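Quick notes on the structure that follows.
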Number of protein chains: 2
Amino acid sequence: MGTKYTGNASEVRALDAYIKLMRAAESVTTRVSRSLQPYDLTVSQFGILETLMHLGQQHQNDLGEKLLKSSGNITLVVDNLEKRGLIVREKCLEDRRYVWVKLTSDGDKFIRDLFPKMVTIITESMIVLSPFELEKLGEYSKQVGQNAQKQCAKAS
Amino acid sequence: MGTKYTGNASEVRALDAYIKLMRAAESVTTRVSRSLQPYDLTVSQFGILETLMHLGQQHQNDLGEKLLKSSGNITLVVDNLEKRGLIVREKCLEDRRYVWVKLTSDGDKFIRDLFPKMVTIITESMIVLSPFELEKLGEYSKQVGQNAQKQCAKAS
DNA sequence: TTTTATTAAATTGATATTTAACTAACAAAT
DNA sequence: ATTTGTTAGTTAAATATCAATTTAATAAAA
């Protein structure tokens with residue numbers, strides 16, 4: 001939606017901010033994605049590994065909620081990470097509907113090495129803004145995100 | 001990346017803003033996607049129709065650049081819109097490497113009717129912010145987006 | 001002119017993503 | 001305890017997405 005829209009003023013403002021927000025997110029995601037390529041990792045795979053590293057073993061359900069992805073999607077991405085030996089699935093004994101997903105020792109080493117590199121990449125993209133501006137960008141984004149989510153709960 | 005990262009201060013700020021930016025974009029996209037569902041339209045399909053409505057016929061190449069998508073992706077999405085009779089391809093006579101993509105009269109009617117509805121949806125998500133805040137969100141997003149793109153040109 | 005290089009689009013192979021079934025396991029309630 | 005409902009995960013079908021390759025057409029250079 002790269003074109004000027006001639007509706008009422010508040011729609012024009014909302015649409016303009018929306019377009020810029022989306023482009024920023026897409027551009028940074030592309031940058032991250034390219035940086036993960038040498039490691040044969042997708043952004044989604046990285047997200048799961050990073051979550052497991054910081055929060056420890058998780059149910060697939062929790063991963064889906066934290067990463068805003070559908071359950072079917074988590075199943076597939078976990079499949080691919082498991083094939084590669086970076087994570088393992090383990091039946092939950094207390095409630096056998098659940099599956100624990102945990103890092104293997106290979107996976108743990110891998111993500112602990114990779115994560116700081118990605119932080120650097122992301123910082124390079126964001127650092128054009130001052131600390132104050134970063135703070136405000138985060139604050140405004142959070143409000144928009146929460147509002148949009150309120151209007152539309154994710155499928156599971 | 002929903003977890004606190006304990007690197008240096010500027011990395012923490014950058015990462016925090018990044019996470020909120022990404023979540024906002026994902027949440028609004030989900031909202032838009034759900035709203036397009038009754039019309040059997042994806043966000044990408046909507047993007048192409050909207051671009052054609054506002055800018056007139058385009059080469060596939062131009063669509064890819066404007067929408068930040070790969071050429072292979074544009075080929076597929078244009079395929080699906082063409083099957084549905086909303087757009088047509090037309091060989092460019094001056095330079096036969098190019099293909100013109102244009103709205104059919106059905107497609108034109110369709111997108112002219114749909115676009116204002118989507119503007120309303122988007123506005124509903126963004127309007128939690130004041131005019132000033134929307135302005136700033138757009139400005140900061142634009143800077144981040146441009147910076148990220150400078151660091152990483154999209155594939156074509 | 002013939003070769004070389006570039007560009008647009010299509011194709012292929014792999015992963016992602018969602019929705020909509022579907023199965024399995026647990027919980028509640030009469 | 002059986003039915004009823006809910007929840008976690010899987011599977012299938014459709015679309016999306018990219019990178020890499022290929023094909024066709026144009027441009028540049030020798």
Side-chain angles (χ1 to χ4, degrees), chain A residues 25-27 29-48 57-84 86 89-101 152-156, chain B residues 25-27 29-48 58-84 86-87 89-101 152-156:
Chain A
E26 282 165 17
S27 298
T29 298
T30 297
R31 171 113 172 82
V32 169
S33 175
R34 296 276 169 83
S35 307
L36 287 172
Q37 225 171 287
Y39 303 93
D40 264 306
L41 216 62
T42 67
V43 175
S44 290
Q45 290 173 349
F46 178 79
I48 288 182
Q57 63 178 21
Q58 299 285 308
H59 296 145
Q60 293 193 185
N61 209 34
D62 297 332
L63 290 173
E65 275 174 25
K66 287 183 173 58
L67 300 168
L68 304 181
K69 295 292 154 69
S70 68
S71 63
N73 179 47
I74 297 293
T75 294
L76 178 79
V77 181
V78 166
D79 277 354
N80 288 332
L81 285 170
E82 195 175 29
K83 276 180 205 155
R84 199 166 147 188
L86 297 176
R89 278 185 172 98
E90 206 171 272
K91 274 260 154 70
C92 176
L93 298 178
E94 299 84 56
D95 186 336
R96 273 176 301 181
R97 286 173 301 182
Y98 288 83
V99 172
W100 285 115
V101 181
C152 158
K154 271 270 176 181
S156 47
Chain B
E26 281 165 18
S27 298
T29 297
T30 297
R31 170 113 172 84
V32 169
S33 176
R34 295 277 169 83
S35 307
L36 287 172
Q37 225 173 284
Y39 303 94
D40 265 307
L41 216 62
T42 67
V43 175
S44 291
Q45 290 173 349
F46 178 78
I48 288 183
Q58 299 284 308
H59 296 144
Q60 293 193 184
N61 210 34
D62 296 332
L63 290 173
E65 276 174 24
K66 288 184 173 55
L67 301 169
L68 304 181
K69 297 290 155 68
S70 69
S71 65
N73 179 47
I74 296 293
T75 294
L76 178 78
V77 181
V78 166
D79 277 354
N80 288 332
L81 285 170
E82 195 175 29
K83 276 179 205 155
R84 200 166 148 188
L86 296 176
I87 61 176
R89 280 185 169 97
E90 206 171 273
K91 274 259 154 70
C92 175
L93 298 177
E94 299 84 57
D95 186 336
R96 274 177 299 182
R97 286 173 301 180
Y98 287 84
V99 172
W100 285 114
V101 181
C152 159
K154 270 271 174 178
S156 48

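Lettering follows sequence order; numbering is per chain, from 1. Everything quoted here is computed from the prediction, not taken from an experiment.
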Whole-Å gap separating [atom2] ([N]) and [atom1] ([X]):
X       : N      : atom1 : atom2 : answer
A/Arg96 : D/dT10 : CZ    : C1'   : 18 Å
A/Gln60 : D/dT7  : CD    : C1'   : 14 Å
A/Arg34 : D/dA20 : CZ    : C1'   : 13 Å
A/Leu67 : C/dA16 : CG    : P     : 12 Å
A/Leu63 : D/dT10 : CG    : P     : 11 Å
B/Ile48 : D/dT17 : CD1   : P     : 9 Å
A/Glu94 : C/dA25 : CD    : P     : 15 Å
B/Glu26 : D/dT17 : CD    : P     : 14 Å

Between the protein and nucleotides 5-7 of chain C, list the N/O to N/O atom pairs that are separated by less than 3.5 angstrom.
| residue | atom | partner | partner atom | Å |
| --- | --- | --- | --- | --- |
| C/dT7 | O2 | B/Arg97 | NH1 | 3.4 |

Minimal non-hydrogen separation, [X] against [Y], with atom names:
X       : Y       : value
A/Thr75 : A/Arg89 : O-NH2, 3.2 Å
B/Ser35 : B/Pro38 : O-CD, 3.3 Å
B/Ser27 : A/Leu68 : OG-CD1, 4.1 Å
B/Tyr98 : B/His59 : CD2-ND1, 3.0 Å
A/Leu36 : A/Thr42 : CD1-O, 3.8 Å
B/Arg84 : B/Asp40 : NH1-O, 2.5 Å

Subject >> Separation of B/Ile48 CD1 from B/Ile74 CD1 (nearest 0.5 Å) >> reply: 4.5 Å
Original post:
Any donor-acceptor pair under 3.5 Å linking the side chain of A/Ser33 with the backbone of A/Thr29?
Top reply: no
Original post:
Between the main-chain N or O of A/Glu26 and the side-chain N or O of A/Thr30, is there a donor-acceptor pair closer than 3.5 Å?
Top reply: yes
**OP:** For B/Gln37 and for A/Asp95, locate the closest nucleotide of DNA chain C by heavy-atom distance; then report the residue assigned to the nucleotide nearer the 5' terminus.
**Re:** B/Gln37
At a cut-off of 3.5 Å, list every protein nitrogen or oxygen paired with a nitrogen or oxygen from nucleotides 11-16 of chain D, distance to 0.1 Å.
| residue | atom | partner | partner atom | Å |
| --- | --- | --- | --- | --- |
| D/dA16 | OP1 | B/Thr42 | OG1 | 2.4 |
| D/dA16 | OP1 | B/Gln45 | NE2 | 3.3 |
| D/dA16 | OP2 | B/Asn80 | ND2 | 2.8 |

**OP:** Tell me whether the OP1 or OP2 atom of D/dT10 has a side-chain N or O from A/Arg89 closer than 4.0 Å.
**Re:** yes
